[in-house]
Amino acid sequence: SEGGFGFLRGRARPATTVIIAFIDAHRERFGVEPICRVLTEHGIGIAEATYWMRKRRGASGRAQRDEELKAEIRRVHEANFGVYGARKVWIALNREGIGVARCTVERLMREMGIRGARRGGYKAPTTVADPSHDRAPDRVDRAFTAARPHRLWVA
């Protein structure tokens, strides 16, 4: 389809939420029923009733809780100058009485694109090879041992 999400690549079948988002993006132009029919013909079976059921149902309990936690995680992270990582954010939330698993904090921080400060600095590589230049030929066939001194010279 023109300007699609590119969701036909990757896993065996895209997540239903991705399919619903695709239908939402194109339903004004094509309509729900034709989109569902074409997707089913291409091996991504979704019934029109499934689409409307998902639209009526709303967000899951996990999604709602995630949105609440994201606000709390952002608050704690920013209150500590953006240096707290997932472990310290998790400890701070539990100290405040907001019960949450550490893996949940890690997942949500990853989704939000925030992370804590890291010790040590970033060291830039000293040499970056240019792939367009030719490499010197291997004159010794990777055998860097010599039978006696001054027998193997490479320049």
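FYI, side chains are in, hydrogens and waters are out, and symmetry mates aren't considered; it's all heavy atoms of this structure.
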Nearest 0.5 Å please: distance from the [atom1] atom of [X] over to the [atom2] atom of [Y].
X      : Y     : atom1 : atom2 : answer
Ile23  : Glu33 : CD1   : CD    : 11.5 Å
Glu106 : Ile73 : CD    : CD1   : 10.5 Å
Asp24  : Thr17 : CG    : OG1   : 11.0 Å
Lys88  : His77 : NZ    : NE2   : 11.5 Å
Ile114 : Tyr84 : CD1   : OH    : 13.5 Å
Cys36  : Phe30 : SG    : CZ    : 13.5 Å

Exercise for the section: Step by step, work out the side chain to side chain contact (heavy atoms under 4.5 Å, CB included) result for Thr50 and Ile19. Expected result: CA-CA 11 Å; Thr50 303; Ile19 297 171; over 6 Å; no
Exercise for the section: For the residue pair Ile46 and Ile35, establish whether any side-chain heavy-atom pair is separated by less than 4.5 Å. Expected result: no
Exercise for the section: Find out whether Leu69 and Ile98 are in side-chain contact, i.e. whether some heavy atom of one side chain is under 4.5 Å from a heavy atom of the other. Expected result: yes
Handout entry: Thr104 side chain to Val100 backbone, donor-acceptor under 3.5 Å
Key = no
Exercise for the section: May I ask you to decide whether Glu96 forms a salt bridge with Arg75, counting only side-chain N to carboxylate O separations under 4.0 Å? Expected result: yes
Problem - salt_bridge(Lys70, Asp66) N-O dist < 4.0 Å - result: no
Has [X] got more than 12 heavy atoms of other residues, nucleotides or ligands less than 6.0 Å from its [atom1]?
X      : atom1 : value
Arg27  : CZ    : yes
Asp130 : CG    : yes
Arg87  : CZ    : no

Handout entry: Cluster link Trp52 to Val38, ILVMFWY, side chain under 4.5 Å
Key = no
Completion exercise
Shortest non-hydrogen pair, Met109 vs Gly85, comes out as CE-C, 4.0 Å
Exercise for the section: Provide the closest heavy-atom pair for Val76 versus Ala92 in the form atom of the first, atom of the second, distance. Expected result: CG1-CB, 3.8 Å
